[in-house]
**Q** 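Below is the structure I would like to discuss, written out as structure tokens.
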2 protein chains.
Amino acid sequence: MSPTSSSDVLIRKLQSISDLREGDIDVLKDIQIQEKDFLANYDLVREGDRPVNSFVVLDGLLGSTKLTGDGKRQITSFFVAGDIPDLHGLHLSVMDCNFTTLTAARLGFMRHDALRAICEQHPRIATAFWRSTLIDAAIYREWVTNVGRREAYTRMAHILCELIFRLRSVGRIQDHVADLPITQAALGDALGLSTVHVNRMLQELRRRGLIATTGPRVQALDWPGLTRAGDFETTYLHQRNPAA
Amino acid sequence: MSPTSSSDVLIRKLQSISDLREGDIDVLKDIQIQEKDFLANYDLVREGDRPVNSFVVLDGLLGSTKLTGDGKRQITSFFVAGDIPDLHGLHLSVMDCNFTTLTAARLGFMRHDALRAICEQHPRIATAFWRSTLIDAAIYREWVTNVGRREAYTRMAHILCELIFRLRSVGRIQDHVADLPITQAALGDALGLSTVHVNRMLQELRRRGLIATTGPRVQALDWPGLTRAGDFETTYLHQRNPAA
DNA sequence: CGTCACCTTGAGTGGCTTCAAACGGAGTGG
DNA sequence: CCACTCCGTTTGAAGCCACTCAAGGTGACG
């Protein structure tokens, strides 16, 4: 077990979105979690799969992705450390999307039958997991709005705000700098934009002094300005105990 | 109580997406449901609200909507008879979107504390409700993809497919005709398109013999053709017992 | 008969796409 | 050590999808 074990990542996350008691935390500590590493651009789950376990993100960036009939890819959401992307699979038997690593990632796998047993015996934990999927849904809603009604520049700023905010709230940001080895092509797939246009919008954000990028690192130089540019409000992320 | 009571609508819906036993159904029958009628374009829930009850749609069409900073509206999902749009509010305390009637509608209200009590004592019912919110999330995912990566014509066909399919699966379609008094402006807000362009895409669908419209009624003249035009697969709707 | 809400049509514009090519850094093998 | 490749970023130019603006048409309703 590493200093911050996979259980810790899971528990800290659930604490940050719901109210758990000591007893609940002890139960969570006993969940068997199998760690495994993956390279970038690996499909962990594919549309049509019937998964028997869910995983918590321990490190790295994932996305839920869908492919259209003519082969275009849409990333419908990002997942950072602490998130449990395919918790939806616990009750959706057949998956309707893929879960793909967007960077190298470390994941912790948990068996569905174990999770189901816990949910039956510990309603408060069940509620915490349920709430986690509801926050995912809220993020999807925001993304529909982002892609449907905001223009490219605002859209770009918005998604950067979300990423930075979420990374910060799980302690993955040092000195306002986010380690984000995500390609511009992936950003395009998330925003419904072409790679070329993503590049131009990023340049515009840099030109206006809102962000700086050095290789895979993104830095918000002017957070208030960036949130204004991105029409970003944190309500939809439903953070409850930011301290945790 | 009307011949098809509000409980019936709720129960039939939950049966169509999950496996319930006789005992569960008896419990559901005892839920207090308060019926109420609404006109079109009424905000039932607003962003920032902390609702104390959820409602099941008994008749009519609703949408979850969000407003951007500059006042543009995005409809992020539709809700038809049987759906429980703001079940998300059961565990999200502060709402991040509005729920608006898009047509005149009849709704059945259920108190949150009653629902929470039931979920604690009947894990199978809790799972059914949870699953209902997971299907909402799956629909949001599909909408992100639809708005982000499909062009207007396909996008339009897709949303019509979804609406017709969902209405049919709850028995609200007679002779392939859907009663849909939805405005083209609302369709635009759902698709991230201007009203003008919605109008032109509908014309194109009519011209190609895929749909017919007479006033507020929409008819799929060529269902296979329409699903092909809309790149529509039913996986993401996660229907389990279509017979029910 | 006037009003209102919604649908329809036309013309001009622009945001974003596509296509194509050049550039830069990291890793590899001769 | 240098060529070579690969992957991702950057830049330019041309074109189209969808938008905006504006006006006219239609049906419902008081």
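Each chain gets a letter, A, B and so on, in the order its sequence line appears, and its residues count up from 1. Since the structure is predicted, the reported quantities are computational estimates derived from the model, not experimental observations. All values below come from the heavy atoms of this structure, side chains included, with hydrogens, waters and symmetry mates left out.
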**Q** Using a strict 4.0 Å threshold on nitrogen-to-oxygen distance, state whether A:Glu204 and A:Arg200 make a salt bridge.
**A**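 No salt bridge links A:Glu204 with A:Arg200.
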**Q** Measure from the side-chain N and O atoms of B:Asn98 to the backbone N and O of B:Glu47, and report whether any donor-acceptor pair falls under 3.5 Å.
**A**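 Yes, B:Asn98 side chain to B:Glu47 backbone: donor-acceptor pair under 3.5 Å.
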**Q** Please determine whether a side-chain nitrogen or oxygen atom of A:Arg206 lies at a distance below 4.0 Å from atom OP1 or OP2 of D:dT9.
**A**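 Checking A:Arg206 against D:dT9: no side-chain N or O falls below 4.0 Å of OP1 or OP2.
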**Q** A:Leu102 CG to D:dC7 P: how many Å, rounded?
**A**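 It is 17 Å, rounded to the nearest whole Å.
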**Q** Using a 4.0 Å cut-off on protein heavy atoms (strictly under), produce a 5'-to-3' string for nucleotides 18-30 of chain D with B for base contact, S for backbone-only sugar-phosphate contact, and - for none.
**A** BSBB---------
**Q** Hey, are the side chains of B:Phe165 and B:Thr227 touching, using non-hydrogen atoms and a 4.5 Å cut-off?
**A**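 Side-chain contact under 4.5 Å: no.
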**Q** For the rings on B:Phe78 and B:Trp143, is their centre-to-centre separation under 6.0 Å?
**A**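 Yes - the distance between ring centres of B:Phe78 and B:Trp143 falls below the 6.0 Å cut-off.
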**Q** At a heavy-atom distance below 4.0 Å, what parts of residues 179-191 of chain B sit against DNA chain C?
**A**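 B:Thr183, B:Gln184 - these, ordered by number, are the residues of the stretch whose heavy atoms sit under 4.0 Å from the strand.
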**Q** Rounding to a whole Å, what distance do you find between A:Leu205:CG and D:dT10:C1'?
**A**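 Computing the A:Leu205:CG to D:dT10:C1' distance gives 16 Å.
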**Q** Answer yes or no: are there more than 12 heavy-atom neighbours, outside A:Arg206 itself, under 6.0 Å from its atom CZ?
**A**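 Counting other residues, nucleotides and ligands, CZ of A:Arg206 exceeds 12 neighbours.
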**Q** How long is the line joining CG of B:Asn41 and C1' of C:dC6, in whole Å?
**A**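 After rounding, the reported distance stands at 12 Å.
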**Q** Taking B:Thr213 for the side chain and B:Val218 for the main chain, is one N or O donor matched with an acceptor at less than 3.5 Å?
**A**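 A pair under 3.5 Å: no.
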**Q** Given C:dC7, is OP1 or OP2 found less than 4.0 Å from the side-chain N or O atoms of B:Asn199?
**A**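 Looking at the OP1 and OP2 atoms of C:dC7, neither is under 4.0 Å from any side-chain N or O of B:Asn199.
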**Q** Within the pair A:Gln203 and D:dT9, is there a side-chain N or O less than 4.0 Å away from OP1 or OP2?
**A**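 No, A:Gln203 has no side-chain N/O under 4.0 Å of OP1/OP2 on D:dT9.
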**Q** Can A:Asp231 and A:His158 be counted as having a side-chain donor-acceptor contact under 3.5 angstrom?
**A**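 No donor-acceptor contact under 3.5 Å links the two side chains.
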**Q** A:Thr195 and A:Gln184: side-chain donor and acceptor closer than 3.5 Å?
**A**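 No pair is found: no donor N or O on one side chain lies under 3.5 Å from an acceptor on the other.
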